[in-house]
Number of protein chains: 2
Amino acid sequence: MHTICQVYDCSVDHDERDLGELFARITQRLIAAERPILARHGLQMWPYVVLARLAQGSAATQLELAAQIGYDKTRLIAILDDLVREGLIERRPDPADRRARNISLTPAGAERVVAVRSEIRAMESEFLSGLPDAQRLELRGVLAELASR
Amino acid sequence: MHTICQVYDCSVDHDERDLGELFARITQRLIAAERPILARHGLQMWPYVVLARLAQGSAATQLELAAQIGYDKTRLIAILDDLVREGLIERRPDPADRRARNISLTPAGAERVVAVRSEIRAMESEFLSGLPDAQRLELRGVLAELASR
DNA sequence: TATTGTTATACTCTATAACTATA
DNA sequence: TATAGTTATAGAGTATAACAATA
């Protein structure tokens, strides 16, 4: 059995794992940890993403909402249908443009987000428990920077 | 238009984005950046993950390899078939257990990994270009910690 | 003519079960 | 009886194109 560096000259550190691999693995772990929390509140991942996004402010149109959360506009429709049926969001025709529909949280939807978020925050705190406080704060900053560009 | 914190008491900072969302977005961006690099070398994501893993040492069995990269053993088969056909890996019956097969990189496979990796490292360096060196190194450490637990 | 929301359809990815050959 | 590898199949998830209403 040979590692690649026993066979080839390794001027670059090939053993180091790809950044993408590290991020993918952590993402996978976080999603796995969120799933049971969401399930307890009767939500799946994408419906929650929609609610969480709307909690930052209503969406002018469905197209805009789809772009904001990085999801396909055609698949979004069924998710919005469900959320309307459960009374968590409202879908109203835009008075200015009758093709478009304004999406917003209902009070029940806002309550749901608050409840879920506080549990997710607790999970995240546990997730980062190995890191000292200063490093956690710095990590948040770095992540926000890398995610926004 | 109301944000959730204008309507409800916000003892927790609800505007802060979920850790999962941040990691997911960054992962998405990194994968998007890797895809054209892999394509230039005639590879897709999972075949590359297989090669990259094998570069750290041959796999005793296909089952073990599947577990290491977090992929389904039945879907792995077609990927290994392709990689064998392209001469990038070898699949030999284990002399000790004739049910099992040992998977290892060929010299051509090892070369491919080295070539792809150096381009991925360059992309990553560009990706992190906003961060000072000390913070980059710290980030690597934190990510390795969070990914391994 | 272009755009929003919608539906239908085809395609890919994923999960499960079952089969073979060995142990 | 259990395990490694394989195959087949059913289901979920995803992408694409086309349509009605409105701009």
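It should be emphasised that the depicted structure is a prediction, and the values quoted were computed from it without experimental measurement. Proteins come first, then strands; the chains are lettered A, B, ... in the order of their sequence lines, and each starts at number 1.
For the pair B:Leu76 and B:Val50, the minimum side-chain heavy-atom distance is below 4.5 Å. Side chains of B:Leu146 and A:Leu139 form a contact here, defined as non-hydrogen atoms less than 4.5 Å apart. Two residues are said to be in side-chain contact when any heavy atoms from C-beta on lie closer than 4.5 Å; B:Leu22 and A:Arg140 meet this criterion. Two residues are said to be in side-chain contact when any heavy atoms from C-beta on lie closer than 4.5 Å; A:Leu65 and A:Leu54 meet this criterion.
Under the rule for a side-chain hydrogen bond (donor to acceptor under 3.5 Å, both in side chains), A:Thr61 has no partner lying at least two apart in sequence or in another chain. Scanning for side-chain contact (heavy atoms from CB on, under 4.5 Å) contacts around A:Asp133 gives A:Arg136, with sequence neighbours left out. Residues meeting the side-chain hydrogen bond (donor to acceptor under 3.5 Å, both in side chains) test with A:Thr74, sequence neighbours left out: A:Asp72.
Sequence neighbours left out, the pairs with a member in residues 62-84 of chain B that pass ring-ring contact (aromatic ring centres under 6.0 Å, His included) are B:Trp46-B:Tyr71. Within the structure, every pair that satisfies the side chain to side chain donor-acceptor pair (under 3.5 Å) test and touches residues 81-90 of chain A, not counting sequence neighbours, is listed here: A:Asp81-A:Arg91, A:Asp82-A:Arg85, A:Glu90-A:Arg92. For residues 31-44 of chain B, every residue pair satisfying the side chain to side chain donor-acceptor pair (under 3.5 Å) rule, not counting sequence neighbours, is listed here: B:Arg40-B:Glu119, B:His41-B:Glu119. The ring-ring contact (aromatic ring centres under 6.0 Å, His included) analysis of residues 122-149 of chain A, with sequence neighbours excluded, yields no pairs. The ring-ring contact (aromatic ring centres under 6.0 Å, His included) contacts involving residues 72-103 of chain B comprise nothing, where partners must be two or more places apart or lie in separate chains.
Between chain A and DNA chain D, the heavy-atom contact criterion of under 4.0 Å yields a 5' to 3' nucleotide range of D:dT14 to D:dA23.
The stretch residues 20-50 of chain B has no heavy atom under 4.0 Å from DNA chain C, so no residue of it qualifies as close. Of the residues in residues 94-104 of chain A, those lying under 4.0 Å from DNA chain D by heavy-atom distance are A:Asp97, A:Arg98, A:Arg99. Contacts between residues 69-84 of chain A and DNA chain C, counted as heavy-atom distances below 4.0 Å, involve A:Lys73, A:Thr74, A:Ile77.
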